[in-house]
Chemist: 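The structure's right below; bear with me while I get my questions together.
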2 protein chains.
Amino acid sequence: MTTRDTILNLADHLIKDKGFNAFSFHDLSRTIGIKTASIHYHFPTKTDLVIAVIRQHIDRFAALKESLADKDPITKLRGFFSIYAQLKKENKVCLVGSLATDLHTVDERIQGELKTLAGQILDWVTDILQEGQEQGIFHFDVPVRTKAILIITNMMAIVQLSRLTGDDDFKLVKYTILEELQTTH
Amino acid sequence: MTTRDTILNLADHLIKDKGFNAFSFHDLSRTIGIKTASIHYHFPTKTDLVIAVIRQHIDRFAALKESLADKDPITKLRGFFSIYAQLKKENKVCLVGSLATDLHTVDERIQGELKTLAGQILDWVTDILQEGQEQGIFHFDVPVRTKAILIITNMMAIVQLSRLTGDDDFKLVKYTILEELQTTH
DNA sequence: GTCTATAGGGGGATAGAC
DNA sequence: GTCTATCCCCCTATAGAC
């Protein structure tokens, strides 16, 4: 792995573990074993680094969506949930939630990139739910975009809240959503 | 209002606006019009200040619960939602969400206090849902504590996510939850 | 690409005068 | 209770050698 990618992945980890304002070039430097000045060669500013982190998420998200394109809606939704399951396993929160709470402290370029990522997530979950509803697999009474927001907010916040109420609450939420979607009311 | 309370309320505002690691004694100093050294007279350390902020939330939450004790479950739930509606109005996020994302960067005493607040919130919403279900006003198929977690996570995260997807999404979520709870499936 | 050295600012906290 | 003065540390970022 290139040094650039090592920095990128570690920054990604740190933002989801500690938040934007708590992670420093020294954190990266110490762990990777290069000096902070060297990091600036790969990413001129902290803003540039965070933008690259978000873009990596956008790319990986698109790749996940693509890899599941011909699967059934349940498999797609499980694929979406696996992102958060991995976060929970590492006791991290999601990038969108982490940066959204810090939104008023970051560069406008970061805010713009984050809106792109959030829009992409919302669009994909909306598509999955739409497809499942049309196939008679998912059942819900509210507009599909609204249902997508409800599910995304459940995921976003349970990785945060379960840090306080108990780690098992993540699986509880995940399974409940999957069950509830497939139940005929 | 005492200087102590002024500091407390401003710190509360800043944590929900910018996050724990982004707000400084200088922010407080500049706005209030006293020097940073004077703030340490009222709160020896930043940790002490944040703990006082959380305790104020615990007290106000208990007061809200008490003031609605003899009301119907729908009124109680609307009262709970009004906390987040006020946050959304000011484009802030909730204290629990803000500090949960920064959890690994704060003192253990803060973590403990925050767990108390989260537990209190979960208990109250669980009680409200239980009462509504027993009265035949609310309808849901999952365990009552689970349903409480789903609703709380919707609220926690929609104040974050709607910073990115659009402020109107808050009301959408609020009304959808209230409608869905009262719908017979 | 990575280093040393350093600039320039901001952070929380304390001592002691008033 | 609030002030001035100060300490010491951490932060992002840059210049220039290697």
Chemist: Give the ring-plane orientation class for A/His40 versus A/Phe25, where under 30° counts as parallel, over 60° as perpendicular and anything between as tilted.
Modeler: parallel

Chemist: Would you kindly give the CZ-to-P distance between A/Phe43 and D/dT14, to the nearest whole Å?
Modeler: 15 Å

Chemist: Please state how far atom CG in B/Leu49 lies from atom C1' in C/dG11, giving the value in whole angstrom units.
Modeler: 15 Å

Chemist: Does any pair with a residue in residues 55-70 of chain A pass salt bridge (Lys or Arg N to Asp or Glu O under 4.0 Å), and if so which ones, sequence neighbours excluded?
Modeler: A/Arg55-A/Glu113

Chemist: By the definition side-chain hydrogen bond (donor to acceptor under 3.5 Å, both in side chains), identify the one residue from B/Gln56, B/Lys92, B/His57 that meets it with B/Asp12.
Modeler: B/His57

Chemist: Determine which pairs satisfy salt bridge (Lys or Arg N to Asp or Glu O under 4.0 Å) with at least one residue from residues 17-30 of chain A, sequence neighbours left out, and list them in order.
Modeler: A/Lys18-A/Asp27, A/Asp27-A/Arg30

Chemist: Just to confirm, is there a sub-4.0 Å distance from OP1 or OP2 of C/dC3 to any side-chain nitrogen or oxygen of A/Ser38?
Modeler: yes

Chemist: Could I get a table of every N or O pair under 3.5 Å where one atom is in the protein and the other is in nucleotides 10-12 of chain D?
Modeler:
unit_1, atom_1, unit_2, atom_2, d
D/dC11, OP1, A/Ser24, OG, 3.0
D/dT12, OP1, A/Lys46, NZ, 3.1
D/dT12, OP2, A/Phe25, N, 2.9

Chemist: Between B/Thr3 and D/dT2, is there a contact of a side-chain N or O with OP1 or OP2 at under 4.0 Å?
Modeler: yes

Chemist: Using whole Å, what does the distance between atom C1' of nucleotide C/dT4 and atom NZ of A/Lys35 come to?
Modeler: 9 Å

Chemist: Over how many whole Å does the gap from B/Asp48 atom CG to C/dA13 atom P extend?
Modeler: 8 Å

Chemist: For B/Asp169, is there an ion pair with A/Arg145 - N to carboxylate O distance below 4.0 angstrom?
Modeler: yes

Chemist: For residues 121-139 of chain B, which residue pairs pass the salt bridge (Lys or Arg N to Asp or Glu O under 4.0 Å) check, not counting sequence neighbours?
Modeler: B/Lys76-B/Glu131

Chemist: Any pair with a residue in residues 171-183 of chain A that passes side chain to side chain donor-acceptor pair (under 3.5 Å), sequence neighbours left out, goes on the list, sorted by first then second residue, please.
Modeler: A/Lys147-A/Glu180

Chemist: When the distance from NE2 of A/His42 to P of D/dA13 is rounded to whole Å, what number comes out?
Modeler: 15 Å

Chemist: From CZ of B/Arg30 over to C1' of C/dG10, roughly how many Å is that when rounded to an integer?
Modeler: 12 Å

Chemist: Begin from the C-alpha positions of A/Asp102 and A/Thr105 and carry the test side chain to side chain donor-acceptor pair (under 3.5 Å) through to its verdict.
Modeler: CA-CA 6 Å; A/Asp102 294 338; A/Thr105 74; 5.1 Å; no

Chemist: Return the value, rounded to whole Å, for the distance between atom CG of B/Asn21 and atom C1' of C/dG12.
Modeler: 13 Å

Chemist: Please state how far atom NZ in B/Lys18 lies from atom P in C/dG10, giving the value in whole angstrom units.
Modeler: 12 Å

Chemist: So, for A/Ser162 and A/Phe170, which heavy atoms are closest and what is the spacing to 0.1 Å?
Modeler: CB-N, 4.3 Å

Chemist: Between the protein and nucleotides 15-18 of chain D, which nitrogen or oxygen pairs come in under 3.5 angstrom?
Modeler:
none

Chemist: Nearest to the side chain of A/Tyr41, heavy atoms from C-beta on, is which of C/dT4, C/dT2, D/dT2?
Modeler: C/dT2

